[in-house]
S.K.: 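Could you have a look at this structure, given as structure tokens, before my questions?
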Amino acid sequence: MSVEETPKNSNFIRDIIDADLASGKHSEVVTRFPPEPNGYLHVGHAKSICLNFGLARDYKGRCHLRFDDTNPTKEEQEYIDAIKEDVKWLGFDWGKHEYYASDYFEQLFDWAVLLIKEGKAYVDDQTADEIRINRGTLTEPGKNSPCRNRSVEENLDLFMRMKKGEFKNGERVLRAKIDMAAPNMNMRDPVLYRILHAEHPRTGAKWCIYPMYDYTHGQSDAIEHISHSICTLEFQDHRPLYDWFIENLPVPAKPHQYEFARLNLTYTVMSKRKLLRLVQEKKVSGWNDPRMPTISGMRRRGYPAAALREFCDRIGVAKANSTVEFALLENCVRDDLNRNALRFMAVLRPIKLVITNYPADLVEVFDADNNPEDPNAGTRKVAFTRELYIESEDFMENPPKKYFRLSPGAEVRLKHAYYVTCRDIVKDAAGNVVEVHCEYDPTSRGGASPDGRRVKGTLHWVSASLGRKAEVRLYDHLFNQENPDKVEEGEDFMSRMSPNSLEVLTDSVVEPALADVAVGAPLQFLRMGYFCKDSDSTGDHLVFNRTVSLKDGWAKVQKNQPD
RNA sequence: AGGGGCGUAGCCAAGCGGUAAGGCACCUGCCUUUGGAGCAGGCAUUCGUAGGUUCGAAUCCUCCCGCCCCUGCCA
């Protein structure tokens, strides 16, 4: 790279790291991705994963995977397993650096005892309501707890008894003694420990008091010697508290927290709480429903991991709240799939096409390229017969201007095969066209004619007798407006769910070779979009998910035409 | 005057005192056995607003305006 060239992924965090490395403040970069295992990861987490692991990769440092498991009432082993699978699938490797905040419970407890001994923490007997009321408001200072000046001995005794399980949930908490009048609410004697008689996925019944996030995160960073602790904007106000613990405890390192704006995407919601509701209220089939913005949903939908990584690179990292258009994500997906998806022909909504001058018993086999973008992808054989299926939208009895597909008298090319001209149509009693009768030009074999005449329309097709039946699932946005949270008084995002987010086609017909493709492998159904075989497929029932449609130039032509 | 942040094109986003990168979207052409892909071109006289400093300001200073976050024993 030439010196005057700007690094393409420049962002403020890289600037900070460059400065820290140059000044000698740090000699290596150690980051961490710290999910709470209370739900599945979504594309917003992908941004954080790519940022943290990407920094570690580029600066030859390391990135830890650390589960923030301090609240056993919400966390589950299922989520831990799913998170690990998703990070791996995204293409990142934490090596041996898999940690849990719960690994540090003992140390955190000892440090809490130290704070008590130094008069910097106290046990509070107030109820949750009393604590809330006495915290004050944004414009008024809080009131000191009546327990604030307990003796060290009494605090120690009470805290030990909390640990031993002598009190019920909510009866007491341990609080830091900082400043009830601080303008930053986080500094008004924050709670360090609460009593939770709950089984923890990893520590079982060992503890009945659990540390709060604020008391846990920075110290965990320090224990792991994290150099740059990166989190989202809403934690900016917590940074003074993060620093307070680092300054007041004998921690082995002094990590620093930096904040960036979380990802928002149009036409979807991005909070685990809301996604959990969609799952619990059965609005979707599960966390990995292909319509979900979860990493597992996108994987099942057929989004390549590389496309997600590319997306995260392209959106950048900054501090301004922003909402990225879904179209950018789709562009990344198409860009990857165009290069890598194997092409096949599949007729989603079939209508029969009969070639009246083609022998009834003849089967011709043509070579079809598997990927015109990649000569190394080779070719496959496709069988051509007198009766075929074509896409019903590829025939119009009374076509509008610029429609260059099939219509009475019009000639089109059947991809890889022959030119055919529509000579007749057959309708049912209701007047619907059920068959299109054509004549083919034997000299156009392979898809080009000796006279070089121009045939603009090219249609995909599947042999009626040799094709396989298939179910095809078409997906659209889960929500019908860009920002699902922008609702009237008394409504919430659930009221903006789209009724058209899933369309199931049960009469599709596909090339027989599609029976053998692997679940999840990237496919393009010519002219229709990118697809992948779904895990619901069985030996005799094929199911395909539409990953994303192809860009539709015809739709644009129609849109820009008056009438 | 409660505190903390942020305002560069329709959407992201570089830029860090020397005269507005890049991507997506959109628009034009060309090309095409996918109306896909590809190729070429277009798209901010101006950086929330108003002043100031300077030979020179998106970059520095001041005022104002707008938006986001914070009163869990969630993270």
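Computation of the quantities below employed the complete heavy-atom set of this structure, encompassing side-chain atoms and omitting hydrogens, waters and symmetry-equivalent molecules. We name chains A, B, ... by the order of the sequence lines, and we start the count at 1 in each one. Keep in mind that this is a model prediction, so the values were computed, not measured.
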S.K.: Hey, does A:Val317 reach any base, or is it just sugar-phosphate, or nothing, if we go heavy atoms under 4.0 Å?
M.R.: sugar-phosphate

S.K.: For the side chain of A:Glu325 and the base of B:G10, is some donor closer than 3.5 Å to an acceptor across the two?
M.R.: yes

S.K.: Could you note down all residue pairs passing salt bridge (charged side-chain N to carboxylate O under 4.0 Å, His left out) where residues 177-190 of chain A supplies at least one of them, sequence neighbours left out?
M.R.: A:Arg148-A:Asp189

S.K.: Kindly say if A:Lys551 contacts the phosphate of B:U34, meaning a side-chain N or O under 4.0 Å from OP1 or OP2.
M.R.: no

S.K.: Determine the Euclidean distance between corresponding P atoms of B:C26 and B:G36; express it in Å to zero decimal places.
M.R.: 12 Å

S.K.: Can a side-chain donor-acceptor contact be found between A:Asn134 and A:Gln126 if the only test is distance below 3.5 angstrom?
M.R.: yes

S.K.: Salt-bridge test for A:Arg380 and A:Asp367: reply yes if a basic N is under 4.0 Å from a carboxylate O, no otherwise.
M.R.: no

S.K.: By the definition side-chain hydrogen bond (donor to acceptor under 3.5 Å, both in side chains), identify the one residue from A:Arg32, A:His256, A:Glu259, A:Gln257 that meets it with A:Ser229.
M.R.: A:Arg32

S.K.: Need one value for A:Tyr210: base, sugar-phosphate or nothing, where a base atom within 4.0 Å counts as base even if backbone is also close, heavy atoms only.
M.R.: nothing

S.K.: From CG of A:Asn264 over to C1' of B:C67, roughly how many Å is that when rounded to an integer?
M.R.: 13 Å

S.K.: Specify the separation, in whole Å, of atom CG of A:Leu329 and atom P of B:C12.
M.R.: 15 Å

S.K.: Return yes if some donor-acceptor pair links the side-chain N/O of A:Gln524 with the main-chain N/O of A:Phe531 below 3.5 Å, else return no.
M.R.: no

S.K.: What nucleotide among B:G36, B:G35, B:G15 has an atom nearest to a side-chain atom of A:Asp15?
M.R.: B:G15

S.K.: Only Watson-Crick and G-U wobble pairs with both distances less than 3.5 Å should count. Give RNA chain B in dot-bracket notation, marking inter-strand partners with |.
M.R.: .(((((((.[[[..)..(...]]].(((((.......))))).....[.[[[..)....]]].])))))).....

S.K.: Please determine if A:Arg445 and A:Glu364 form a salt bridge, counting it only when a charged side-chain N lies under 4.0 Å from a carboxylate O.
M.R.: yes

S.K.: Give me each pair satisfying side-chain hydrogen bond (donor to acceptor under 3.5 Å, both in side chains) with a member in residues 162-171 of chain A, each pair once, sequence neighbours excluded.
M.R.: A:Arg161-A:Glu166

S.K.: Using atom OH of A:Tyr258 as one end and atom P of B:G5 as the other, report the distance to the nearest whole Å.
M.R.: 14 Å

S.K.: How would you list, by chain and number, every residue that makes a ring-ring contact (aromatic ring centres under 6.0 Å, His included) with A:Tyr440, sequence neighbours excluded?
M.R.: A:Tyr358, A:Tyr418

S.K.: Categorize A:Ala320 for me: base, sugar-phosphate, or nothing, with a 4.0 angstrom heavy-atom threshold over every strand shown.
M.R.: sugar-phosphate

S.K.: Is B:G72 syn or is it anti, if syn means the base angle is within 90 degrees of 0?
M.R.: syn

S.K.: If we ignore angles and hydrogens, is there a donor and acceptor under 3.5 Å between the side chains of A:Asp68 and A:Tyr100?
M.R.: no

S.K.: Considering only atom C1', compute the distance from B:G56 to B:G42 and round it to an integer number of Å.
M.R.: 30 Å

S.K.: Nearest heavy atom decides the nucleotide; on that basis, is A:Ala327 or A:Asp335 closer to the 5' end of RNA chain B?
M.R.: A:Ala327

S.K.: What residue among A:Asp336, A:Leu328, A:Val333, A:Asp335 forms side chain to side chain contact (heavy atoms under 4.5 Å, CB included) with A:Phe311?
M.R.: A:Leu328

S.K.: Ignoring the backbone of A:Ala318, work out which of B:U34, B:A14, B:G15 is nearest its side chain.
M.R.: B:A14

S.K.: Base, sugar-phosphate or nothing for A:Tyr215? Non-hydrogen atoms, less than 4.0 Å.
M.R.: nothing

S.K.: Taking only the P atom of each, what is the distance from B:U71 to B:C61 in whole angstrom?
M.R.: 31 Å

S.K.: Ignoring hydrogens and angles, are the base of B:G3 and the side chain of A:Gln236 linked by a donor-acceptor pair under 3.5 Å?
M.R.: no

S.K.: In whole Å, what separates the C1' atom of B:A75 from that of B:C43?
M.R.: 43 Å

S.K.: Side chains of A:Arg150 and A:Tyr122: any donor to acceptor distance under 3.5 Å?
M.R.: no

S.K.: Ion pair present between A:Glu391 and A:Arg405, side-chain N to carboxylate O less than 4.0 angstrom?
M.R.: no

S.K.: Grab the CG-P distance between A:Asp552 and B:C26 for me, whole Å please.
M.R.: 11 Å

S.K.: Using atom C1' in both nucleotides, what's the gap between B:G15 and B:C47 to the nearest angstrom?
M.R.: 10 Å

S.K.: Hey, which of these two, A:Arg239 or A:Phe404, hits RNA chain B nearer its 5' end, going by closest nucleotide?
M.R.: A:Arg239

S.K.: Rounding to an integer number of Å, can you tell me how far A:Arg188 CZ sits from B:G2 P?
M.R.: 13 Å

S.K.: Starting from P on B:U34, measure out to CG on A:Leu337 and report it in whole angstrom.
M.R.: 18 Å

S.K.: Mind checking if A:Glu330 touches a base, just sugar-phosphate, or nothing, with heavy atoms under 4.0 Å?
M.R.: nothing

S.K.: Does a side-chain N or O from A:Arg334 land closer than 4.0 Å to OP1 or OP2 of B:G36, or not?
M.R.: no

S.K.: Does NZ or CZ of A:Lys319 lie under 6.0 Å from the centre of the six-membered ring of A:Phe260, at an angle within 45° of the ring axis?
M.R.: no

S.K.: Indicate, with a heavy-atom threshold strictly under 4.0 Å, whether A:Lys556 touches base, sugar-phosphate, or nothing.
M.R.: sugar-phosphate

S.K.: Does a distance-only test, which skips hydrogens and angles, find a donor-acceptor pair under 3.5 Å between the side chain of A:Arg314 and the base of B:G22?
M.R.: no

S.K.: Can you build the contact string for nucleotides 70-75 of chain B? Use B for base contact, S for sugar-phosphate-only contact, and - for no protein heavy atom under 4.0 Å.
M.R.: BBSBSB

S.K.: A:Asp374 vs A:Arg339, test: salt bridge (Lys or Arg N to Asp or Glu O under 4.0 Å). Steps then yes/no.
M.R.: CA-CA 7 Å; A:Asp374 176 13; A:Arg339 283 180 279 109; over 6 Å; no

S.K.: Taking any heavy-atom pair under 4.0 Å as a contact, classify A:Gly447: base, sugar-phosphate, or nothing.
M.R.: base

S.K.: Please tell me if A:Thr266 has a side-chain N or O lying less than 4.0 Å from either OP1 or OP2 of B:C11.
M.R.: no

S.K.: If you check the A:Thr139 side chain, which of B:U34, B:U32, B:G2 turns out closest?
M.R.: B:G2

S.K.: Rounding to the closest angstrom, what is the interatomic distance between B:G7 and B:A44 at atom P?
M.R.: 22 Å

S.K.: What integer number of Å spans the C1' atoms of B:G66 and B:U8?
M.R.: 16 Å

S.K.: What contact category does A:Arg343 fall into here, base, sugar-phosphate, or nothing, at under 4.0 angstrom with non-hydrogen atoms?
M.R.: base

S.K.: What is the separation between atom CG on A:Leu550 and atom P on B:U34, rounded to the nearest whole Å?
M.R.: 11 Å

S.K.: Can you tabulate the close N/O pairs, meaning under 3.5 Å, that link protein atoms to atoms of nucleotides 28-31 of chain B?
M.R.:
none

S.K.: Calculate the interatomic distance between A:Asn331 atom CG and B:G23 atom C1'; express it in whole Å.
M.R.: 8 Å

S.K.: Using the C1' atom in both, what is the distance from B:U62 to B:U19, to the nearest Å?
M.R.: 24 Å

S.K.: Should A:Arg453 and A:Glu411 be marked as a salt bridge (Lys or Arg N to Asp or Glu O under 4.0 Å) after you check the CA-CA gap, both sets of side-chain angles, and the distance that decides it?
M.R.: CA-CA 11 Å; A:Arg453 69 179 184 275; A:Glu411 181 174 46; 2.7 Å; yes

